[in-house]
Amino acid sequence: MPTVPLHDWNLAPRDAIALQRRLAGRVEREDRLGEVRRLAGVDIGFEQGGEVTRAAVVVLAWPPEVDGGFTVVEEVVHREPTRMPYIPGLLSFREVPAALAAFERLAVTPDLVMVDGQGIAHPRRLGVASHLGLWLDLPTIGVAKSRLCGRHGEPGPERGDWVPLTDGPDDEVIGAVLRSRAKVKPIFVSGGHRVSLPTALDWVIRCLVRTKLPEPTRLADRLASRRGGAAGAKG
DNA sequence: GCGACAG
DNA sequence: ATCTTGTCGC
């Protein structure tokens, strides 16, 4: 068991921030992932005006089929009462509890996880993807649809074009702004835990299928938002 | 004091 | 995040 709790819900903002500062030091920015056979995507949605939190995890097989289609290995949806409001910078305290509950119900353990949100591209370098990765003790990548912090230029127009996302007085590179699809607003990719930026970008690009979001996150997004094309949404 | 601000 | 119809384009 970790000496310092990885999270403690019901913390006042200033205490949550202090905890993030301590945990940020535990996040690994160098690659430390084994062979990837199971890729997971995680996302959180809300129901009933935000009263209910809905966590969705989708596990895909890697590599995809010859026709480019990904095989869904497992899906889990977990619902529980929402415990905290959304506060920029403290997103993990609102979403991670439900995500953990969903992972506990997973029969298979993924080798790499893509999370909807920032990884280290966070004011204190502990976005939701990093926090979840620390807790799960698994490699994670942050895939966000918009910027939380940092500076960047405009990435080129072609799919795969990207520019670095920097922050702080020393221009630290905290992520990348990636054109995941032509003519579409770019996404923000960053290492979560145990994944370097080059590797994070590599995996995200390899999971793009004519869409703006990589398959793991796209499918989890669908499930969490209830749109899920299929039925059997547990929870 | 004034903006910015993942989902 | 969520509330929401039709509409433009590959």
Side-chain angles (χ1 to χ4, degrees), chain A residues 7 9 13-14 16-17 20 23-24 27 41-57 68 77-100 102 113-134 140-152 157-159 165-169 174-193 197 200 204 208-214 216-228 235:
Chain A
H7 58 37
W9 316 125
R14 68 157 295 163
I17 288 172
Q20 291 185 323
L23 297 182
V27 176
V42 189
D43 188 34
I44 309 297
F46 297 87
E47 306 173 2
Q48 300 171 31
E51 299 300 309
V52 175
T53 296
R54 186 186 168 92
V57 179
V77 172
H78 167 79
R79 300 167 75 254
E80 65 174 44
T82 298
R83 59 183 82 206
M84 217 181 105
Y86 166 67
I87 300 174
L90 299 182
L91 181 66
S92 64
F93 289 83
R94 172 177 165 83
E95 304 191 339
V96 169
L100 292 176
V113 183
M114 287 191 194
V115 184
D116 190 295
Q118 313 289 352
I120 65 169
H122 174 281
R124 293 168 291 284
R125 309 293 181 263
L126 192 81
V128 63
S130 300
H131 202 160
L132 184 62
L134 272 181
T140 58
I141 293 173
V143 181
K145 296 182 287 298
S146 61
R147 183 191 71 89
L148 171 60
C149 68
R151 304 173 290 277
H152 67 84
E158 305 302 314
R159 168 201 289 213
L165 175 65
T166 62
D167 190 36
I174 59 177
V177 184
L178 171 70
R179 185 76 67 189
S180 55
R181 182 179 179 179
K183 302 176 182 178
V184 170
K185 188 177 64 163
I187 59 178
F188 296 71
V189 178
S190 58
H193 181 47
L197 181 57
V204 168
L208 292 175
V209 183
R210 297 177 176 180
T211 51
K212 167 178 178 174
L213 296 175
T217 295
R218 188 180 73 79
L219 295 178
D221 218 291
R222 250 181 25 173
L223 250 192
S225 301
R226 267 177 191 278
R227 283 163 290 175

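Computed from a predicted structure; not experimentally measured. Letters go in sequence order (proteins before strands), and every chain restarts at 1.
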How many Å lie between [atom1] on [X] and [atom2] on [N], as a whole number?
X	N	atom1	atom2	value
A/I44	B/dG7	CD1	P	12 Å
A/H131	B/dG7	NE2	C1'	16 Å
A/F93	B/dA6	CZ	P	17 Å
A/L91	B/dA4	CG	P	21 Å
A/K212	C/dG9	NZ	P	19 Å
A/H152	B/dA6	NE2	P	12 Å
A/R124	B/dC5	CZ	P	15 Å
A/R210	C/dG9	CZ	P	19 Å

Mind checking if [X] touches a base, just sugar-phosphate, or nothing, with heavy atoms under 4.0 Å?
X	value
A/L90	base
A/G50	nothing
A/E95	sugar-phosphate
A/G127	base
A/Y86	base

message = Taking the side chain as everything from C-beta on, heavy atoms only, tell me whether A/V52 gets closer than 4.5 Å to A/F46.
response =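 No, every pair of side-chain atoms sits at 4.5 Å or beyond.
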ask   = Under 4.5 Å between any side-chain heavy atoms of A/M114 and A/V42, yes or no?
value =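 Not touching, per the 4.5 Å side-chain cut-off.
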query = Taking it one step at a time, do A/E47 and A/R79 satisfy salt bridge (Lys or Arg N to Asp or Glu O under 4.0 Å)?
reply = CA-CA 9 Å; A/E47 306 173 2; A/R79 300 167 75 254; 2.6 Å; yes
ask   = How far apart are the C-alpha atoms of A/R147 and A/D167, what are their side-chain angles, what is the distance that settles it, and do they pass the salt bridge (Lys or Arg N to Asp or Glu O under 4.0 Å) test?
value = CA-CA 12 Å; A/R147 183 191 71 89; A/D167 190 36; over 6 Å; no
Side-chain N or O of [X] less than 4.0 angstrom from OP1 or OP2 on [N]?
X	N	result
A/K145	B/dA6	no
A/S146	B/dG7	yes
A/R147	B/dA4	no

remark   = On DNA chain C, more 5' by nearest nucleotide between A/A224 and A/K183 is A/A224
query = Does the distance from a Lys or Arg side-chain N to an Asp or Glu carboxylate O, for A/D43 and A/R222, drop under 4.0 Å?
reply =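 The answer is no: the pair does not qualify as a salt bridge.
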